[in-house]
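Structure, as structure tokens:
These numbers were taken from a predicted model, which means no experiment stands behind them. Ligands are counted one by one from 1 in listed order, and the atoms in each one are counted from 1 as well. Residues take their numbers from the sequence shown, with the count starting at 1.
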Amino acid sequence: FDDNAARSKSVYQIVTDRFALTSTTESRTCNTDDKVYCGGTWKGTEEKLDYIRGMGFDTVWISPIVQNINVTNNKLGEAYHGYWTQDINELNSHFGTEADLKSLVDTAHKKGMYIMVDVVVNHVATTQAGNFAADSTYGPFNVTSRDFHSFCWVKDYTNQTQVETCWLGDENVALADVNTEDTSVVSTYNTWIKNLVSTYAFDAIRIDTVKHVRQNFWPDFVSAAGVHAVGEVLDGDPAYIAAYQNKSMNSVFNYPLYYAIDSSFNSTDKSLSEVVSALNANKQQFRDTTLLGNFVSNHDNPRFESHVSDTALRKNAVAVIYGVEGIPYVYYGQEQGYTGGADPANREALWLSGYDEGKDMYTYFTTMNAIRSAAINASSTYNTNQATIIGQDDHNLVIRKDPVISIVTNRGSKAATSSLSITNTGFTSATELTDVISCTAYTTDNKGAFTASIKSGLPAIFLPTSQKGTLCSNITA
Ligand code: ABC
Ligand code: CA
């Protein structure tokens, strides 16, 4: 799909090695501290597409697929996550065969789902650091002097030249920095991504380490891919990231919002003003905030749930990323209540959960995606309109993104019931509304306003009852 179509998608992120085993009857232990392959495969993922679709996600972001270095007894473990590229022209056989991968994409398409593949362009991996010498095992990048930047570590993230031309990683696994200035390297990458997307019929790509490659490398790469691309520019500064939206790719991850949510919804005594500031700064800096990738957890950061145990706070954090403009990204395991901390603990095996579709958060994501679908169906401008904050105090935010109004709060599940008067709703008088979280009916007054009831610190999300679709089916329009 293209950037415009991407606006209506809802993405579920997996680490292939940890998501699903080929055989559904098999059970394998997976100690995240060991940092080794645990056995997840593309076949296993294919078998579990209905589990993902059951929550209403239509797009699956799979971890990198290409052959990685084969390391054992390394302090950093094995390449189970897929980011330690060796040969971009071979697949990682741990996850299956070419036929398996094609079958995953094909089955997804038959179910009306899409596959987003994670791609790494900035580096290949080696255990040799400064002594690295490329050879034929690195596929097309086998001439050290031509294909790689000379060795130096990225140490100072404020020095952009260093960020782009020095190496990530460490002495255990060095990420040999590819010479993305060389014209033959550039054309190798562009041809590769074009073929990769067409061979497997991928629908979108997630691009790793975007800030580590010069900005003007990306437009040709993205256009060669020919599909929607979302870039990882890991930085908290919206101005820094926005430059990439202008010069490199239309869609990038919303790290500024992530940091604001992570710190303001992690306890009941924080002010939510940080979230409002992040939203405002984003609006100022980004050309198009509707293409930002919103998330509360991913594979690089401690899970939100590792430091927030209150379910009400967890639900509110999620309600923010669904309540504002942008594309929601949900990291696998969140629906099962996983609580892994920093990498590698946040990469738990999902089969250990039994894929329980009865879990409270599984149902919650189903509701969130249903709200999003109902809004998209109800309004032709939902995908492109921006959210505004129409009410705000330290612990409550009222987010309006027509035709949805979301009230989020960090008062926590022990909070007493409270009332909030909601004005400037955009609704006409006598509009029937439903809070689709509590399934409570409301009617707007002669000014289109109403008084909302906030219970147990949960979010409240209002849709015109006539537009709520199948949500809260006990309340009729
Ligand atoms: C392994 C171990 C880790 C160990 C590490 C040294 O080695 O597992 O425990 O700490 C892959 C694997 C990792 C592996 C690495 C290295 O490779 O998944 O498990 O870590 O071997 C992407 C991917 C990520 C992937 C790689 C490498 C890149 O999402 O999964 O890692 O292909 C930088 C990069 C970013 C990268 C991230 C891990 O590192 O820019 O692309 N992610 C600052 C910098 C960021 C930097 C970040 C973390 O620190 O600005 O550029 O990201 O090092 C905000 C500031 C930010 C600041 C953050 C921390 O705070 O605004 O600027 O980010 O407030
Ligand atoms: Ca680089």
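Of the candidates L234, L175, T158, the one placing a heavy atom closest to atom 63 (O) of ligand 1 is L234. Residue nearest to atom 62 (O) of ligand 1, selected from D235, I207, N346: D235 (by heavy-atom distance). Taking only non-hydrogen atoms, the option from Y157, Y83, W84 nearest to atom 15 (C) of ligand 1 is W84. When N298, V121, D208 are ranked by how near their heavy atoms come to atom 23 (C) of ligand 1, first place goes to D208. The residue among H212, H81, E232, H299 with a heavy atom at the shortest distance from atom 41 (O) of ligand 1 is E232.
For the pair V173 and ligand 1, the shortest N or O to N or O distance does not fall below 3.5 Å.
Each of K283, Q245, Q386 was evaluated against T289; a single residue qualifies, Q386, per the side-chain hydrogen bond (donor to acceptor under 3.5 Å, both in side chains) test.
Nearest N/O/S atom of E164 relative to the Ca ion (ligand 2): this is O. Looking at H212 and the Ca ion (ligand 2) together, the shortest N, O or S contact belongs to O.
Note that atom 48 (C) of ligand 1 has no protein non-hydrogen atoms nearby, at separations under 4.0 angstrom.
In summary, T165 places no N/O/S atom under 3.0 Å from the Ca ion (ligand 2), failing the contact criterion.
Nearest to atom 19 (O) of ligand 1 among the protein's heavy atoms is D343 OD2, 2.7 Å.
Of the heavy atoms in K75, none comes closer than 4.0 Å to ligand 1.
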